[in-house]
Each structure stands twice: as C-alpha cells, then as structure tokens.
Amino acid sequence: MNVIECKELSKVYGNTNAIEDLSFTIEENKITGLIGRNGAGKTTLLKILAGYLHKSTGEVNVLTEDPFNSLKVSSNMIFIDDQMTLPESLTLLEILHSAKMFYKNWDMDLALRLFRYFSFHDNQLHGSLSKGMRSTFNAIVGLSARCKLTILDEPTTGMDSSVRKDFYRALLKEYIDHPRTIIISSHLLNEIEDLLEDVLLIKEGNLLLHKSVDELKEMAIGLKGKSNVIKEIIQGKEVFYRNTVGKDTTYVAVENSFPNELLQRAKENGIEISSVPTDDLCVYLTNRTKGGIDDVFNRN
Amino acid sequence: MIIKLTDSKPIYIQIAEWLETEILSENFKTDEKIYSQYQLAEMLNINPATAAKGLNVLVDEKILYKKRGLGMFVSIDAKEIILTKRKNETLKNMVNELVLEAERLHVREDELFQMIKTTIKQREEDV
Amino acid sequence: MYLTETNVLETTKILYKYKLNAYLNALSALMFVQILALFFSFLGVGSMGFGSSTVNLQVTTYSGSMVIVFSLMWAFIISITMTTKPYRNSDFSFVTNRVTSHLSSIAFLITACIFAGVTSMLMGLLLKVIMYFRFGGEIIGSHVGVTDLFIGISGTVFYLILLSSLGYFVGVLSQLHKMMKFILPIVFFGLLFVWGPNAKLPSEIVSFFIHESSLFLFILKVVGTSLLFYMVSILISNRLEVRQ
Amino acid sequence: MGAFIPLMIILIIVITSYTFVKQSNSRTKKFIYGQRLRWMLSSYVIVLLLGGVTFFILPVQDFPETSVVSEVEDRVTNEAFIDNFYDSAFEGKIDEVDGVVVSKHLEFPFEEEELFLENVTSDYGGIMMIVEKKEGVASEIIATHYSTGLYIQGEDFTEKLSSTEITLSNHTLTVIPPEQTEIRIADFGREFTIAQFAEKDGSDLSTTASLSVQRMGHDIIYVIVPEQVEVTSTSGNIHFINDETYVD
C-alpha cells in the first residue's frame, strides 16, 4: 500500500513556486528522509501532506485521501516540528494526557518513560522549555502517538548531540517494534543516513531523486588523478562535482556506471578511485552551481 | 560498534562481510540461526531494510538459507563458500593492488617475492 | 500501525474536552474582569440626590449590570481570540479538521458563556450582600427572587452567546486576509460615520434584542442570530490554511 | 474627561482578556496554570455561591420596593399633601392635618411684654417660622416643630431626621436649624437582563430606579405667643397670622 502519492504536485506562493511538479510515492512502513537545503520546500511539502496547506495544482493522496480537511488523515498522522503550538496553560504532563485522548494507538507508558529519561518535570510548561528541550518533548509526543504516518520536520533542532543520538535510537527501536511510515526532513543526511531506508532529495521545490540509501551510496564514484586522464574517462558521464587541486590534479564525483575493467585500467593509469559519501553527494546535487561556492570567486 | 558505519562502503555490504567473518570464526556454526534483520538493526542502529539487504546478499551466495517463518540459518557449505570467495575476490584484489603499488615504487618482481617470503617467515617464527 | 477510525462527533468531543482543559485561563480572565467590574460597581450604577435645609438624601443604585456588561465585552474578545492563529494551530497539533476545530471552539465558548452568565449574576448578588453590610440594611429597591435570578441568568447567558458569536464571526473575518485587520475597523467606523448618530438601522438592530420582553422570543432570536454567525464563520473559513 | 472613562475600561478589559489567554511560541512565564488555576477558579465559584446563598438568607427581601406606586400618581398625592401642609399652617389649622409629624413641642413660661425672634439660617437655608398671636394664651410661648417627615418608597425614615433646636432666654426665642441630616440609602436595582424579561415592568433599561421620595424635608416652626406680647425680629422667613401690628 502506498501511504503517500503525489502527482505533479505544485504549490505557488504569490509569484514563487515553493514546490514544482513533484511526483513520488512513499510505501507503507518505510523511513524516508526528506533532504534538501533550507528553503528547498521541505516544510511546505510536509505541511501539504499533513493537510495544513492547500496544493496549488497536481494531485496528493495520503492514506488514499486528499489530506486537506481530512479527519482520517489527521487522526492517523502526526506532524512534529519546533513550531508546534501547544496550550500555554497546560503542564507537560497534561499535554501528554491530552495527546492520549486524540491518538488511539498512543502509548502512555512509552511517553512517560521517555519523559522521565529526558528529565522533564510534570509541572513544566511547554512555553518555558528551551529550544532543544521543546524539540525533545515534541519528539516524545511524535513517537508515542504511534501514528500510521509520522512526519518529523527537522525534529532535532536545538538538541545537543547526545540527545540527538538518543532520539534517533529511540526512533529506530520504536520503528522496529511498531513499524510505521516515517518521514524525517533534514538539511543534513549524515546523521540520519543509517536510519533511513529511502531518501527523497529536493532542490528548489523540484524532486532530484528518490532512491534507497544504498543506491545513493553507489550512485556516484570519486576519481582523482591527472586532469587530462580524468577528462577522458568521464566523457559522456554526468559529473556531480569537479574540483581542481594543485597544478594538474582533478577530483570529480561522477555517475557510477563504469564497467569494472575500465576502473581497473584507470587504476593502473594512476587514478585514485573512492566512493563518494552520501552527504557530500547530496551537497553536490543540491548546490546551485556545479562548482559550489568556488564559482562565486571564480571571475575568469 | 563492530561495524564502522562511516565507511564509504554501503552498509549492507559491511554487514554481509561482518557476518561472514563471524561465520568463519565459528561464532555461528552450521545450521545455527543467525541474527534477524531486526536484531541486526537494533544492534547496529540501522534501518531494518538495510539489514535485510545484507542478509539477502548472503542468501544469494548460499552462505545462509531461509526457513519460512523461522529465520535464516548458516548453510553447511558456508565456510567453504566464504573462503573461496575471499580467495577469489578479496585476495585477488589485494594482490592486484600490491602489484600496482610495487610498479609505482619501481619494485622488481624478485624483490616483491622476497618481501612476501620474509613476511611469511616472520609470522611462522612468531607462532 | 493500524489505521484508526474516527468521525466528526467523536473528534469534536475530544477537542471540546481538550479545550476545556487547555483554555481554562479564559475563565481566569473572566474572573479578573468580573472582579474589576465589582470594584467599579461599588461606585453604583446610578445615583440621585435630594436636598432640603434639613436633609441631604443620597440614593445610590447598585446592580450587577456592570458586571454583565464587562462580561459581555469579555465574551466578545475571547471569541475573537479563539479564532486567532495560535489557537487554530494548537488544534492542528493534534487530530482535527476545520469543522471539528470550529465546532469544539463554539462548544467551548458556549460553555464559557454559561459559566460567565451564572457567575456574573452571582456577582450581582455578592455586590448586594456587600452593600447590605455597608449600608446596615437601609435599602430600597427591587426584589430579586429565585425565579428572577433564573430569568436573569438565562437572559445573560444568551446575551453572552450573542456577543460571542459576533466576536467569533469578526475574528474569522479578520483571519481571512492580512488586510482584514485594517479593513474591518474602517468599514465599521465608516458605517457609523455614514449612518450618523440618529441612523435607524443600528438602533433597530439593537432594539430587536433589547426591546424583546419575552424571554422565549429573545432566546429564539439569539439562537437564530448566533447560529447564522457561527455557520457563516465555519463556511467562510473551511478552506483556510493553518500553520503557514 | 468623563467620556474617556468608558474607553479606559474597554481598554483594560481588552488588555487583560488578551494577556490572560494569549498563546505564543516565545518563552513566557506563567504563574497561574494547572492545579493552581483550577484552585483559583473553584474558590472564586465558591465565594460567589456563598454570596448568592447569603443574599437569600439576608432580610433584604423585606425592603420597600421601588416602582410599586406609579411615579406620576405618587407625585400628585405627594404635592397635594405638601400644599395642604402649608395652606393649613397659614390658616392656623396645621394640627388638623393628617400625617403631619410633630418633631418637637416646647412650652416656655413667658411673662415679658416683648419677644424678639431669631431665626438662624444654616448653610443649607433656614426653616419657615409661622407666628400666631392667640387670645387666651397667657404667660407662655408654645413652639412646635411640624414636619412632613421623610417617607421614601412609603417607608418611614422620619426617625433619621434630627430636630430643630429652640431656646428661650431673656426675651429672645432662638430657632437653630439642625445640621443637615445625611441619609445614604442603597437602591438595589435589577440587572437589565432581569428587568428586560421580568413581568413587572417590561423593558426597563434605565439604571436608576424610579424612586419616589415622599414628603421629604418640609418643616415649619409654629410659634404661639400671647396676644399682648409685642414681637420683633430681624430674621427673614417669618410669617405672622392674626397680627397686623408687626413691623419688620
């Protein structure tokens, strides 16, 4: 079953396209990472999926329904981000009890254990929490709700690294025990990469790729060597990144579709072959120009 | 962590290699049940789908076999298959690398053989 | 995870329960406003004096009317507040759609109005008790029997509901577009200006309610009017985005 | 200035309501929430309920009601009574008027031939004096303070009034009006939401009660002096009956 189906989905704000012609599907019980730079349209996309915002054109189905104004989607979905508005006069404990009323799969035991583990106090107010603590609390709500679709929009904003690690581990354990469809958005891949099954990479509102993490890891290959040799090898291939170091050495991240023998020969010709870390690859893919920041300073 | 997840090799391959090593060192014996995808995911803090992929590599290579509803088990020929594979692929690749590096450093053929012989002798003495 | 089933009624009930808890501070605002009104009422809502060479008589009228008027303003403002972004967003942190969000807000507001109606009438009695002890029993005035009290409570509650539905409508209108916050007051004061002080329409609208001496008909009028306000509010905001 | 007060009040209500219920994402400190808020509201309701119960226990239900008698009718009878009060006084028949109150009655033995009257005025004015020379009265001066009493809503508040001081020393009769009596009365009005629907008098939205103050504060000092006594005075507001010889 497909939990999410988007077809040529667009969202226009005034004259700008926040999202353009997005088409993808997300299957049941997968953890998908939504990766893109700040302002790439991640949050807009997620809010459309959550039913908060209208689509402009195209089609969007969540749990086989248009999510906007759908009670079915709302009751089977939870959207967590650091902007979550919670009543100011409820204590954290009261908020957990309120959440319990809304979500039929809610696990109070889990919520309370996490609550204690991250050393929250019953009578604290959501408004008095620091940014990191607030994100942590929201994340607890998100995990304990056990919704069929869990959307986490930059869930770790403000968390320190040990809390982040704990959170990811908690997320994974929860997922193993109670598989569900999870979408995590982030501008960084490396932290969550191992957690993910699929990656959805967007750039300026457009879908760049939707692949499994493993495919992404094998998608590109890094070659380093004499500039002219490199130039010859990569002819006709898609180059994601190119950088010239020293007098005559070039590094390229290039699409990995070389036959083994060719690589073997390249090695024999003094080309260093390496794999491209997915994180770097995402940066290359989402860069506005091929050369990255260097192009700005390149006045020739 | 047993597996260095920052390694640029795909994780499922790292998992497969780690399990092979475990089988070679007899931590898992023939017909013994190996970790499930969920156990692996928990242990290594990775997505269960990735873990499953790692296991499937070993099933494809007939190192593991599936029993429906029970999990995956070490096949009788597991060790042999691994050894052969490592000899054919890993060792071959390493030799390849060695030869290439030797060429780059202008080491002659007999010099290279000599170095290998010395290394083997030293290990024998150590044991 | 399995899919859960829900419906409008069930979700509205849950949201209503949630709001009773979460927005209890609306009642603390009411309490503050009513206590403030009590202090103002100590001055009396009206007074007259008679004098001759031997007597100076001061008769000061005390009633809970000011408490009720203050509570009416509270109902209006609270209802506007309930339509503002933070409140809508707060609903959407959990399970809701626009209809259930509205219905539960309205149910909450009506509950708050009932509470406000009862407390403002009781506050009127408390005022009189305080004045009784201050004046040592030198009191004239109108009797308030238990029946009167119930009439007063019902009248007050429905006035509050009327004001609350108006506030809700105004609030929803102002949420439609950023510019509405400027347009609405301009339209309101513009109309007042165009109509002038002796205009018929506004005074007719007001007297439609305040000159209705039958409680039953008054309740019918209020129920009709507020239903209209609430329904239009729901209809015009049903396509509104949240958490932009 | 007066016009700003309602605006100020509205402003206060807007601000307080808003600050109490405002929601925001910023870090804010709240003191009243959770259990504390519930306690506060419960105690508030309890105080109000106690107030309500006390109200019905208090004997306030026995107070005279406003608007029992129609205002017009009330004023007509009232004015007729007061007219009658003065007319009778000038005719020397004040003691025959029904409902007149004798606040003070003094008899002074008097042997002199001349009487000087001093009618003191206070800040609030003086009291009318009527002097009657009467045949057959010998060796005494009779001073009586008649008043209409004070009836508010039909209730007798006459007792509240203090009486005039009348003294005779040498041959001077001095009338000193009392300090003005301050009477403060609370009028319990009906809330407009009761008044609008209660059967009694329909939609009455006025906040001031239609109060009838009857026969309030009309006083006459009636002095009877022997016929042969010559009366002189420098004070005003003194009227004589049966005496043409009097000169100011």
Side-chain angles (χ1 to χ4, degrees), chain A residues 1 3 13 28-29 43-44 46-48 50-54 63-64 67-81 83-91 94-95 97-106 126 138 141 145-150 153 174-175 178-182, chain C residues 1-31 78 81-82 84-105 108 112 177-178 234-235 237-244:
Chain A
M1 190 186 119
V3 173
Y13 283 120
E28 197 178 19
N29 298 344
T43 300
T44 306
L46 294 180
K47 284 184 175 171
I48 290 174
Y52 297 157
L53 305 181
H54 284 294
L63 302 167
T64 68
F68 194 83
N69 251 347
S70 161
L71 211 51
K72 182 185 168 194
V73 171
S74 183
S75 61
N76 285 291
M77 182 276 312
I78 189 159
F79 182 97
I80 300 294
D81 66 351
Q83 298 294 310
M84 229 175 140
T85 320
L86 291 166
E88 280 198 340
S89 58
L90 289 188
T91 63
E94 286 172 325
I95 292 175
H97 282 286
S98 302
K100 182 180 178 241
M101 299 194 298
F102 286 102
Y103 298 104
K104 293 192 177 127
N105 295 330
W106 178 269
H126 196 253
N138 296 352
V141 174
R146 290 211 175 131
C147 287
K148 184 136 187 75
L149 172 60
T150 306
D153 189 10
E174 249 302 285
Y175 172 73
H178 302 276
R180 65 194 88 161
T181 312
I182 299 174
Chain C
M1 277 300 109
Y2 56 90
L3 274 174
T4 59
E5 289 293 323
T6 189
N7 57 51
V8 170
L9 190 68
E10 196 185 340
T11 309
T12 306
K13 266 196 221 159
I14 295 172
L15 275 164
Y16 170 70
K17 262 167 80 183
Y18 164 69
K19 286 177 183 184
L20 279 186
N21 257 315
Y23 303 147
L24 208 59
N25 47 359
L27 299 187
S28 65
L30 173 73
M31 188 183 111
I78 283 292
T81 324
M82 288 293 290
T84 55
K85 260 187 200 164
Y87 280 81
R88 275 186 297 143
N89 289 350
S90 169
D91 286 13
F92 281 85
S93 292
F94 297 120
V95 177
T96 190
N97 62 11
R98 278 138 198 92
V99 171
T100 54
S101 169
H102 279 302
L103 290 180
S104 56
S105 289
F108 168 77
H177 197 269
K178 277 176 238 153
I234 294 177
L235 283 177
S237 65
N238 203 32
R239 300 295 295 163
L240 218 56
E241 296 188 328
V242 289
R243 307 203 54 192
Q244 284 156 313

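Numbered from 1 within each chain, the chains take letters A, B, ... in sequence-line order.
- Judged by distance alone, the side chains of C:T100 and C:N97 do bring a donor and an acceptor atom under 3.5 Å apart.
- Looking only at side-chain heavy atoms (C-beta outward), A:K47 and C:V242 stay at 4.5 Å or farther from each other.
- At a 4.5 Å heavy-atom cutoff, A:I80 makes no contact with chain C through either its backbone or its side chain.
- Here C:N238 is the residue among C:V8, C:L240, C:N238 with the most heavy-atom pairs under 4.5 Å with chain A.
- Between C:S90 and C:Y18, some side-chain heavy-atom pair lies under the 4.5 Å cut-off.
- Two residues are said to be in side-chain contact when any heavy atoms from C-beta on lie closer than 4.5 Å; A:T64 and A:K72 meet this criterion.
- Interface check for chain A: of the options C:V95, C:N21, C:L24, the most heavy-atom pairs under 4.5 Å are formed by C:V95.
- Inter-residue side-chain proximity for C:L15 and A:F102 is flagged as met; some heavy-atom pair is nearer than 4.5 Å.
- With a 4.5 angstrom heavy-atom cutoff, C:T11 touches chain A only via side-chain atoms.
- With a 4.5 angstrom heavy-atom cutoff, A:V73 does not touch chain C via any of its atoms.
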**Message:** For C:E5 and A:K104: C-alpha separation, side-chain torsions, deciding distance, then whether salt bridge (charged side-chain N to carboxylate O under 4.0 Å, His left out) applies.
**Reply:** CA-CA 9 Å; C:E5 289 293 323; A:K104 293 192 177 127; over 6 Å; no

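- Counting heavy-atom pairs closer than 4.5 Å to chain C, the top residue among A:S75, A:S70, A:S98, A:G51 is A:S75.
- Residue A:D81 touches chain C through its side chain alone, counting heavy-atom pairs closer than 4.5 Å.
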